[in-house]
Chemist: 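Mind having a look at this structure? Questions to follow.
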Amino acid sequence: MTPASPSTRRLALLLAGLAMFGPFSIDTIFPAFLLLGDRMQVDQVAVQQTISVYLLFYGLMSLAHGPLSDAFGRRRVIIGGLVLFIGASIGCALSRDMTTLLVFRALQGVTAGVGVIVGRAVIRDLYHGADAQRLMSQVSMIFGVAPAIAPIIGGWILLGGGDWPLIFWFLVLFGVVLLLATGKWLPETHPVEARTPLSMRSLLRSYARMGSNPRLLRLAAAGAFNFSGIFLYIASAPVFVMQHLQLGEGGFAWLFIPTIGGMTMGSFLSGRMAGRLTAQRQIAIGFGLCAVSALLNVGYVVSVPQIALPWAVMPIFLGGVGMALIFPILALAVLDMYPHQRGLASSMQMFIQLMINTVVAGVVSPMLSSNPLHLALGYAGFFAIGGSFWYWERHCERRRDLLTPIE
């Protein structure tokens, strides 16, 4: 850690908060889906596009956040992103038709990834090895609270008599608090002498080099598809909670607290395992838990005529634990491949994850969410794809070791 860096606890809280405004933008609006459709006089498929459009632009802009931070510094880019996010949230709150709302949701997506993408680079600027894994796990553990409490907050706002724009005013307030905290406590971790000049030609070459790196693609795909199993239920939350579990606007906690509770526990365990277990062993445990979770989930759904609490969400808790054991190691492995372009590598990894999430939210979730069994099979399928990419990478790694001459 550099002498100018803040305490680890404060840094973990700040970086987790910066990562939160992405999922807050997705999940807080879930309880308002039915109300938003009525107010805008559109069907639920159109309302679902408020998530898809957001994720699409989140993913596209994720390619720029890292390189901008490599060129201009981490702190400046995060502050600029927060300012634009606050403005976009104000625009969403003032929207009176679906077209205008989608435009400002796209602008939210353009800015919302800056916290998590640049935040990962900040961690790797300051720490390495087990210390970096511990801080990444701490950030993930605190950040994991966001998707759990965001729909609960949205439900409270509606149950308290508020209309859907009040949810976006809440995001404005959250953004202002983060902006003030960043201005006061976040140091610049990427000094001027280490910065990479921003050149479109060299940027495209770098992305082409990363995008054609089989190892990076395998690692990023393993993490992205593994997370997509969890994200499928997050994206399908309005249907899963309100139709399949037959709960109201205040019932989202029954899905999100177990889901994110599992992710939080997994992040805690990952921090405890850092330096004690090998990365390969920890990831194997994580994928094993995901496999057990998928089997339990499918088994339960096919054994009952109507899914019910708590059994419908208990397997997802276990899947969250497994996913959180896997994520920090894969994220750091990608960053370590490009020590002089960590921001760029973080952007590339996030871009791959978000493009897959966009397809999940805009295509897979609408296709599968009407049937609990289809959701369970999709959940299992994404875990299987993620695991396949990881074991492919392990096979390639063993081949590299065999071909490398021993000195």
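Position 1 is the first residue of the sequence, and the numbers go up from there. Atoms considered below: every heavy atom in the structure, side chains included; atoms not considered: hydrogens, waters and symmetry mates. Just so it is clear, the structure is predicted and the values come from calculations on it, not from any experiment.
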Chemist: Which heavy atom in Thr50 sits nearest to a heavy atom in Met98, and how many Å separate them?
Modeler: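 Answer, listing the atom of Thr50 first, then Met98: CG2-SD, 4.0 Å.
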
Chemist: Go through Phe168 and Ile29 one step at a time and tell me if the side-chain contact (heavy atoms from CB on, under 4.5 Å) criterion holds.
Modeler: CA-CA 8 Å; Phe168 288 104; Ile29 195 68; 3.7 Å; yes

Chemist: Quick one: are Trp164 and Met40 in side-chain contact, heavy atoms under 4.5 Å?
Modeler: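 Heavy-atom side-chain distance check passes, below 4.5 Å.
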
Chemist: Ring centres of Phe327 and Phe227 under 6.0 Å apart?
Modeler: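 Phe327 vs Phe227: aromatic centres not under 6.0 Å.
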
Chemist: Using 30° and 60° as the class limits, which term best fits the ring planes of Trp390 and Phe287: parallel, tilted or perpendicular?
Modeler: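 Ring orientation, 0 to 90° scale: parallel.
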
Chemist: Tell me, do Phe383 and Asn226 make a side-chain contact under 4.5 Å, heavy atoms counted?
Modeler: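 Yes, close enough: below the 4.5 Å cut-off.
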
Chemist: So does Gly154 get a backbone contact from the side chain of Thr28, meaning a donor-acceptor N/O pair under 3.5 Å?
Modeler: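 Between the backbone of Gly154 and the side chain of Thr28 there is no qualifying donor-acceptor contact (under 3.5 Å).
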
Chemist: Side chains of Gln282 and Ser270, heavy atoms from C-beta outward: is any pair under 4.5 Å?
Modeler: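 Gln282 reaches Ser270 side chain to side chain.
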
Chemist: Is there a side-chain contact between Tyr58 and Asn357 (heavy atoms, below 4.5 Å)?
Modeler: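 No, too far: nothing below the 4.5 Å cut-off.
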
Chemist: So does Val239 get a backbone contact from the side chain of Ser236, meaning a donor-acceptor N/O pair under 3.5 Å?
Modeler: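 Not confirmed, Ser236 side chain does not pair with Val239 backbone.
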
Chemist: Can you tell me how far CD of Gln280 sits from CD of Glu397, rounded to the nearest 0.5 angstrom?
Modeler: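 Between Glu397 CD and Gln280 CD, I get 5.5 Å after rounding to 0.5 Å.
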
Chemist: In Å and rounded to the nearest 0.5 Å, what is the CD1 to CG distance from Ile79 to Leu84?
Modeler: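 With rounding to 0.5 Å, CD1 (Ile79) is 12.5 Å from CG (Leu84).
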
Chemist: Is any side-chain heavy atom of His244 closer than 4.5 Å to a side-chain heavy atom of Asn371?
Modeler: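 No - every pair of side-chain heavy atoms lies 4.5 Å or more apart.
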
Chemist: Rounded to the nearest 0.5 Å, how far does CD1 of Ile230 lie from SG of Cys290?
Modeler: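 The SG atom of Cys290 sits 7.0 Å away from the CD1 atom of Ile230.
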
Chemist: I'd like to know if the side chain of Ser95 reaches the main chain of Gly91, judged simply by a donor and an acceptor atom lying under 3.5 Å from each other, with no hydrogens or angles considered.
Modeler: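 The answer is yes, because a donor-acceptor pair under 3.5 Å joins these two groups.
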
Chemist: Can you tell me how far the OG atom of Ser212 sits from the CG atom of Leu217, to the nearest 0.5 Å?
Modeler: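 Reported value, rounded in 0.5 Å steps: 7.5 Å.
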
Chemist: Determine whether more than 12 heavy atoms belonging to other residues, nucleotides or ligands lie under 6.0 Å from atom CZ of Arg209.
Modeler: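 Correct, the count exceeds 12.
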
Chemist: Please find the pair of heavy atoms, one from Ala93 and one from Pro165, that lie closest to each other, and give the distance.
Modeler: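 Between these two residues, the closest heavy atoms are O-CB, 3.3 Å.
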
Chemist: Heavy atoms only: give me the nearest Leu219-Leu330 pair and the separation to one decimal.
Modeler: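 Closest heavy-atom pair between Leu219 and Leu330: CD2-CD2, 3.8 Å.
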
Chemist: Short question: side chain of Arg218, backbone of Asn213 - any donor-acceptor pair under 3.5 Å?
Modeler: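 Not confirmed, Arg218 side chain does not pair with Asn213 backbone.
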
Chemist: Assess whether atom CE of Met337 is packed by more than 12 heavy atoms of other residues, nucleotides or ligands within 6.0 Å.
Modeler: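 Result for CE/Met337: enclosed.
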
Chemist: As a test of understanding, state which of Leu178, Val83, Thr182 forms a side-chain contact (heavy atoms from CB on, under 4.5 Å) with Ile78.
Modeler: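 Answer to the side-chain contact (heavy atoms from CB on, under 4.5 Å) test with Ile78 among Leu178, Val83, Thr182: Thr182.
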
Chemist: If you measure from CG on Leu166 to CG on Leu171, what distance do you get to the nearest 0.5 Å?
Modeler: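 Spacing of CG (Leu166) from CG (Leu171) equals 10.5 Å.
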
Chemist: If you take all heavy atoms of Val53 and Ala106, which pair is closest and at what distance?
Modeler: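 Between these two residues, the closest heavy atoms are CG1-CB, 3.8 Å.
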
Chemist: Can you tell me if Arg398 has over 12 outside heavy atoms packed within less than 6.0 Å of its CZ?
Modeler: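 Yes, enclosed.
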
Chemist: Can you find a heavy atom in the side chain of Phe170 that is under 4.5 Å from one in the side chain of Ile157?
Modeler: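 In contact.
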
Chemist: Return the CG to CE distance between Leu325 and Met263, rounded to the nearest 0.5 Å.
Modeler: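 Output value for this atom pair is 11.5 Å.
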
Chemist: Looking only at heavy atoms, which two atoms of Val321 and Leu289 are closest? And how far apart?
Modeler: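 Result for this residue pair: CG1-CD1, 3.8 Å.
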
Chemist: Do the non-hydrogen side-chain atoms of Leu18 and Leu82 ever get within less than 4.5 Å of each other?
Modeler: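 Yes; the side chains approach each other to less than 4.5 Å.
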
Chemist: Per the ring pair (Phe, Tyr, Trp, His ring centres under 6.0 Å) rule, which among Phe85, Trp169, Phe24 passes with Phe174?
Modeler: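 The option that passes is Phe24.
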
Chemist: According to side chain to side chain contact (heavy atoms under 4.5 Å, CB included), who are the partners of Leu309, at least two apart in sequence or on a separate chain?
Modeler: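 Result, side chain to side chain contact (heavy atoms under 4.5 Å, CB included) vs Leu309: Leu245, Leu247, Trp254, Val313.
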
Chemist: So Leu255 and Phe240, side-chain contact (heavy atoms from CB on, under 4.5 Å) or not? Walk me through it.
Modeler: CA-CA 9 Å; Leu255 170 63; Phe240 184 77; 3.9 Å; yes

Chemist: Passes side-chain contact (heavy atoms from CB on, under 4.5 Å), Thr100 versus Phe104? Steps please.
Modeler: CA-CA 6 Å; Thr100 305; Phe104 282 108; 3.8 Å; yes

Chemist: Between Gln306 and Pro372, is any pair of side-chain heavy atoms under 4.5 Å apart?
Modeler: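 Not in contact.
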
Chemist: So, for Leu158 and Leu35, which heavy atoms are closest and what is the spacing to 0.1 Å?
Modeler: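 Of all heavy-atom pairs spanning Leu158 and Leu35, the closest is CD2-CD2, 3.9 Å.
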
Chemist: Are there over 12 heavy-atom neighbours, none belonging to Arg76, within less than 6.0 Å of that residue's CZ?
Modeler: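 Incorrect, the count does not exceed 12.
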
Chemist: Could you walk me through whether Phe231 and Gln353 pass the side-chain contact (heavy atoms from CB on, under 4.5 Å) check?
Modeler: CA-CA 11 Å; Phe231 187 73; Gln353 178 175 317; over 6 Å; no

Chemist: In chain order, what residues pass the side chain to side chain contact (heavy atoms under 4.5 Å, CB included) check against Val103, with sequence neighbours excluded?
Modeler: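 With sequence neighbours excluded, Val103 shows a side chain to side chain contact (heavy atoms under 4.5 Å, CB included) to no residue whatsoever.
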
